[in-house]
S.K.: 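One structure follows; several queries about it will come next.
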Amino acid sequence: MLHHHELAAAVRAALLAAQSDGTLPLFDLPDVTVERPRETSHGDYATAVALQLARPARMAPLKIATAIADHLPSIDYLDGVSVAPPGFINFRLSPAWLQQLPERILAAPQGFGGNGLGDGKKAQVECVSANPTGPITLGRTRGGVIGDTVHRVLESAGYAVTLEYYYNDAGRQITLLGESVKVRYLQLLGQPAELAEEHYQGEYIVELARELIAERGDALRDVPADTFAVYARDRISRQQKETLARIGIVFDVYFREESLYETGKVWETLEILQSRGYVYEQDGAQWFRSTAFGDDKDRVVVKAGGEPTYRLPDMAYHWDKAQRGFDLVVDIFGPDHHATAPQVLMGVRALGYSSDFVYTLLHQIVTLVRSGKPVKMSTRRGQYVTLDELVDEVGADPIRYFMISRSATSPIDFDLDLAVEHSDKNPVYYIQNAHVRCAGIFRKWAEAGLPDDDDAGADLSLLTHERELAFLRKALELGDIIESVATLYEPHRLAFYAYDLAALFHPTYEECRVLHSDVPEPLRRARLRFYRAAQAMFARVLNLMGMSAPEVM
RNA sequence: GCCCCCGUAGCUCAAUUGGACAGAGCGUCGGCCUUCUAAGCCGAAUGUUGCAGGUUCGAGCCCUGCCGGGGGCACCA
């Protein structure tokens, strides 16, 4: 259990004890929260509960704090508990306990900081969900990286997680795709054909047409556009999958919208909505009474022509999620979808489910910056940098890092120059270099022909340098970070944490040498142990972010 | 017109969900390489948290109203 939870429980117990012996008056126990204070001089953990209790207890906060502190049981990992005006209770970790942390890390490096929050519950993360009508764009990439990071963290928090991609494999957009490819195909054959305004303009359409000519020559000249659509859809879908895999995103499930029609779920959804009185007919269309759930106006779910709008299958899809028994669903959407997300949840409620199990995560846009200037893009005209091109240019790791380097509510300027810069200005290299430096120590150690398990059983009480202890304090915090990312779905906390950990590592590396002649033998072994644990920490954190942990750079 | 997001150091952004003196990076200025990668380290300067009220022991965070920037308001997805 995380320390801050244990300490909160201890404070609650102390409150009860103080009440039962009359030191404190009777009042209802508040929610006790123990946090890490911003100011490290205030200790490692702190609670302001005495301040909150001043009114119900009708006592000075300082006195309440003292009463709590006096009734606290002794806790093995604490060095001391102190009370500070105006009524904070501060807890300080014992250095002796911190010094043993490397062994805890090394006991299960890739599990360190994990917790049982999810308790085996089923979670789903849905992201990207681009239709197979073109290459993966940067906005979808951001959603994908956020989603995959949340997925990795949720797994570390004990959830059984399904990473899922929802896409429309039929309908109007696919029809337009097929027509677009056919037009290009005919044009390449020198036949008269023109793209319409709504057709896909991108160069990749021409490429697809070229592929078809290479494979089939002019045999498809009189074939209907549907055939082109199926070819293009499958080809683009496969390409999207391969591209996402290049940045470490591999989906467990690709959910086809069309399957909702095949199973009858779409129409079943409509029938249920009708039977529950949430659908009415007007102007020949079927309207969803979303105003019953606070919407500005009702929304069309079946057009006058009899064709459903995207909302109906979206609702059917979320109904399906509810039926699959997910305890938690995280839906990740870009800013262009923020208006539609609430409507889907209204649909879920109209179907008779609570929508509480769904968390909608909306993120802002990504702008590429080169030489300090934004790179102009136009999705409509098919002029944009694709994920594939970005991976070619900067590699996967900078993409993974920078896409979570800001909170989802902030837009990101993706600096192409910085992304490939090999210096401390580039946080990606700065973090990975910490891992490289650790690996370097052990490489040197092996080159010197010294036994590679020499640090086993080292006397860790020799780790008394303040840099070492500061690093270990930060290492311990990983558990808190995983917990917060798994409950708040804010993976940028992980990116900031990784940077902070590296920023505490590098000065330690400078000041706490290992292989130098002036480092006495017992200390050398303790530090080897320390750096082995540090390397494990960086491998762990990089892995949580889906990044590589290089041995050399 | 309505809805959503944002407004914090010169720039880009954090701030443990209402806690202690608002922090990082970049940029600027000044130091540090005979020693495990200087792809690094050390130090300095930088704030009326857009404005005005309100809530309370306490507000960057919550409420109201303005101002400014971005996005969205389809029988498209």
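Note: hydrogens, waters and symmetry copies are ignored here, and every other heavy atom, side chains too, is used. Quantities reported herein were computed from a predicted structural model and do not represent experimental measurements. Note on naming: letters A, B, ... go to the chains in the order of the sequence lines (proteins, then strands), and numbering restarts at 1 for each one.
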S.K.: Does a nitrogen or oxygen in the side chain of A:Lys303 sit under 4.0 Å from OP1 or OP2 of B:A74?
M.R.: no

S.K.: So A:Phe402 and A:Phe414, would you call those rings parallel, tilted or perpendicular, with 30° and 60° as cut-offs?
M.R.: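 Aromatic pair A:Phe402/A:Phe414 classed perpendicular.
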
S.K.: Syn or anti for B:U55, please, going by whether the chi angle lies within 90° of 0.
M.R.: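 The base of B:U55 is oriented anti (glycosidic angle more than 90° from 0).
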
S.K.: Sticking with atom P, work out how far B:U49 lies from B:G23, rounded to a whole angstrom.
M.R.: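 Straight-line distance between the two P atoms is 13 Å.
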
S.K.: May I ask you to decide if the ring planes of A:Tyr317 and A:Tyr166 are parallel, tilted or perpendicular, using 30° and 60° as cut-offs?
M.R.: parallel

S.K.: Are A:His363 and A:Phe333 an aromatic pair by the rule of ring centers under 6.0 Å?
M.R.: no

S.K.: Can you say whether the rings of A:Tyr278 and A:Phe293 are parallel (under 30°), tilted (30 to 60°) or perpendicular (over 60°)?
M.R.: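 Ring orientation of A:Tyr278 relative to A:Phe293: tilted.
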
S.K.: Just the rounded figure in Å: distance from P of B:C57 to NZ of A:Lys63.
M.R.: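 My rounded result for the distance is 19 Å.
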
S.K.: Mind checking A:Ser423 for me? I need base, sugar-phosphate or nothing, with any heavy atom below 4.0 Å counting as a touch.
M.R.: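 Since only primed, P, OP1 and OP2 atoms lie under 4.0 Å of A:Ser423, the category is sugar-phosphate.
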
S.K.: What is the distance, rounded to the nearest whole Å, between atom OH of A:Tyr167 and atom P of B:A77?
M.R.: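 About 17 Å, once rounded to whole Å.
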
S.K.: Quick one: A:Leu523 CG to B:C36 C1', roughly how many Å, whole number?
M.R.: 14 Å

S.K.: Counting the benzene-type ring for Trp, do A:Phe442 and A:Tyr531 have ring centres under 6.0 Å apart?
M.R.: no

S.K.: In whole Å, what separates the C1' atom of B:C11 from that of B:G19?
M.R.: 30 Å

S.K.: Mind checking the P distance from B:C13 to B:U17? Whole angstroms is fine.
M.R.: 24 Å

S.K.: Start at the 5' end of RNA chain B and walk down; is the nucleotide closest to A:Arg172 or to A:Pro427 reached first?
M.R.: A:Pro427

S.K.: Using both distances under 3.5 Å as the test, list the Watson-Crick or G-U wobble partner of B:U37, or none.
M.R.: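 Check on B:U37: unpaired, no WC or wobble geometry under 3.5 Å.
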
S.K.: Report the distance from atom CG of A:Leu312 to atom P of B:A74, rounded to the nearest whole Å.
M.R.: 19 Å

S.K.: May I ask which nucleotide in the shown strands pairs with B:G1, Watson-Crick or G-U wobble, both distances under 3.5 Å?
M.R.: B:C73

S.K.: Do A:His3 and A:Phe91 pass the ring pair (Phe, Tyr, Trp, His ring centres under 6.0 Å) test, and can you show the C-alpha distance, the side-chain angles, and the key distance before you say yes or no?
M.R.: CA-CA 10 Å; A:His3 289 162; A:Phe91 306 90; over 10 Å; no

S.K.: Using a cut-off of strictly less than 4.0 Å between a heavy atom of the residue and any atom of RNA chain B, enumerate the qualifying residues of residues 505-513 of chain A by number.
M.R.: A:His506, A:Pro507, A:Tyr509, A:Glu510, A:Cys512, A:Arg513

S.K.: Given atom CZ of A:Arg299 and atom P of B:C3, what is their separation to the nearest angstrom?
M.R.: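 It works out to 13 Å between those atoms.
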
S.K.: For B:A44, which nucleotide in any strand shown is its Watson-Crick or wobble partner with both distances under 3.5 Å?
M.R.: B:U28

S.K.: Counting the benzene-type ring for Trp, do A:His4 and A:Tyr45 have ring centres under 6.0 Å apart?
M.R.: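 Not close enough - the centres of the two rings lie 6.0 Å or further apart.
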
S.K.: Would the base of B:G72 count as contacting A:His337 through its side chain, where contact means a donor and an acceptor less than 3.5 Å apart?
M.R.: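 Answer is no: no donor-acceptor pair is held.
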
S.K.: Which is true for A:Asp518 with a 4.0 Å heavy-atom rule: it touches a base, it touches only sugar-phosphate, or it touches nothing?
M.R.: nothing

S.K.: A:Tyr499 side chain: which of B:G27, B:U37, B:G25 is closest?
M.R.: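 Closest nucleotide among those given: B:G25.
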
S.K.: For A:Tyr359 and A:Tyr489: C-alpha separation, side-chain torsions, deciding distance, then whether ring pair (Phe, Tyr, Trp, His ring centres under 6.0 Å) applies.
M.R.: CA-CA 9 Å; A:Tyr359 179 83; A:Tyr489 321 112; 4.6 Å; yes

S.K.: Need to verify one output field. Residue with the more 5' nearest nucleotide on RNA chain B, A:Arg140 or A:Pro335?
M.R.: A:Pro335

S.K.: Rounded to the Å, how far apart are A:Gln343 CD and B:C3 C1'?
M.R.: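 Those two atoms, CD and C1', are 11 Å apart.
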
S.K.: Atom CG of A:Asp314 to atom C1' of B:A74: distance rounded to whole Å?
M.R.: 15 Å

S.K.: Checking all strands, does A:Arg467 fall into the base, sugar-phosphate, or nothing category for heavy-atom contacts under 4.0 angstrom?
M.R.: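 Touches sugar-phosphate only.
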
S.K.: Is any NZ, NE, NH1 or NH2 atom of the basic residue among A:Arg437 and A:Glu510 found under 4.0 Å from an Asp or Glu carboxylate oxygen of the other?
M.R.: yes

S.K.: Go ahead and name the base partner of B:G65; Watson-Crick or wobble counts if both distances stay under 3.5 Å, otherwise write none.
M.R.: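 Paired with B:C51.
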
S.K.: For A:Ala339, which contact category applies under a 4.0 Å heavy-atom criterion: base, sugar-phosphate, or nothing?
M.R.: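 It contacts sugar-phosphate atoms only.
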
S.K.: Report the glycosidic orientation of B:C33: syn if within 90° of 0, anti in every other case.
M.R.: syn

S.K.: With hydrogens left out and only the distance checked, is there a donor-acceptor pair under 3.5 Å joining A:Asn433's side chain and the base of B:A38?
M.R.: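 Counting by modelled atom types and ignoring angles, no donor-acceptor contact under 3.5 Å is found here.
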
S.K.: When all nucleic acid strands are considered with a 4.0 Å heavy-atom cut-off, which category describes A:Val301: base, sugar-phosphate, or nothing?
M.R.: nothing

S.K.: Please measure how far the P atom in B:C66 lies from the corresponding atom in B:A74, and state the result in whole Å.
M.R.: 24 Å

S.K.: Using the C1' atom as the reference point in each nucleotide, state the distance between B:C26 and B:A14 in Å, no decimals.
M.R.: 14 Å

S.K.: Is any N or O donor-acceptor pair between the side chain of A:Tyr429 and the base of B:A39 shorter than 3.5 Å?
M.R.: no

S.K.: Give one of base, sugar-phosphate or nothing for A:Ala46, where a contact means two heavy atoms less than 4.0 Å apart.
M.R.: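 Touches a base.
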
S.K.: With a non-hydrogen cut-off below 4.0 angstrom, is A:Val302 in contact with a base, only sugar-phosphate, or nothing?
M.R.: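 Counting heavy atoms under 4.0 Å across all strands, no contact is made by A:Val302.
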
S.K.: Between B:G58 and B:C21, how many Å separate the two C1' atoms, rounded to a whole number?
M.R.: 15 Å

S.K.: Mark yes when over 12 heavy atoms from residues, nucleotides or ligands other than A:Lys474 sit less than 6.0 Å from its NZ; otherwise mark no.
M.R.: yes

S.K.: What I want to check is whether the side chains of A:Gln173 and A:Asn168 have a donor and an acceptor closer together than 3.5 Å.
M.R.: no

S.K.: Scan every strand shown for a Watson-Crick or G-U wobble partner of B:G19, both distances under 3.5 Å, and answer none if you come up empty.
M.R.: B:C57

S.K.: Work out how far the P atom of B:G47 is from that of B:G10, and round it to whole angstrom.
M.R.: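 Here B:G47 and B:G10 have their P atoms 7 Å from each other.
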
S.K.: Can you give one letter per nucleotide of nucleotides 5-18 of chain B, 5' to 3': B if a protein heavy atom sits under 4.0 Å from the base, S if only from the sugar-phosphate, - if neither?
M.R.: SS-----SSSSBB-

S.K.: Measure from NZ on A:Lys297 to P on B:C3 and round the result to the nearest Å.
M.R.: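 Rounded to whole Å, this separation is 13 Å.
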
S.K.: Which whole number of Å gives the distance between the C1' atom of B:U16 and that of B:U12?
M.R.: 22 Å

S.K.: Crowded around A:Asp518 CG? As in, over 12 foreign heavy atoms under 6.0 Å?
M.R.: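 For A:Asp518, atom CG is crowded (more than 12 foreign heavy atoms under 6.0 Å).
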
S.K.: May I ask you to check whether A:Phe538 and A:Phe505 place their ring centres under 6.0 Å from each other?
M.R.: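 Ring-ring flag for A:Phe505/A:Phe538: true, centres closer than 6.0 Å.
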
S.K.: Base, sugar-phosphate, or nothing: which does A:Asn90 touch, judged by heavy atoms less than 4.0 Å apart?
M.R.: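 Base contact - A:Asn90 has a heavy atom under 4.0 Å of at least one base atom.
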
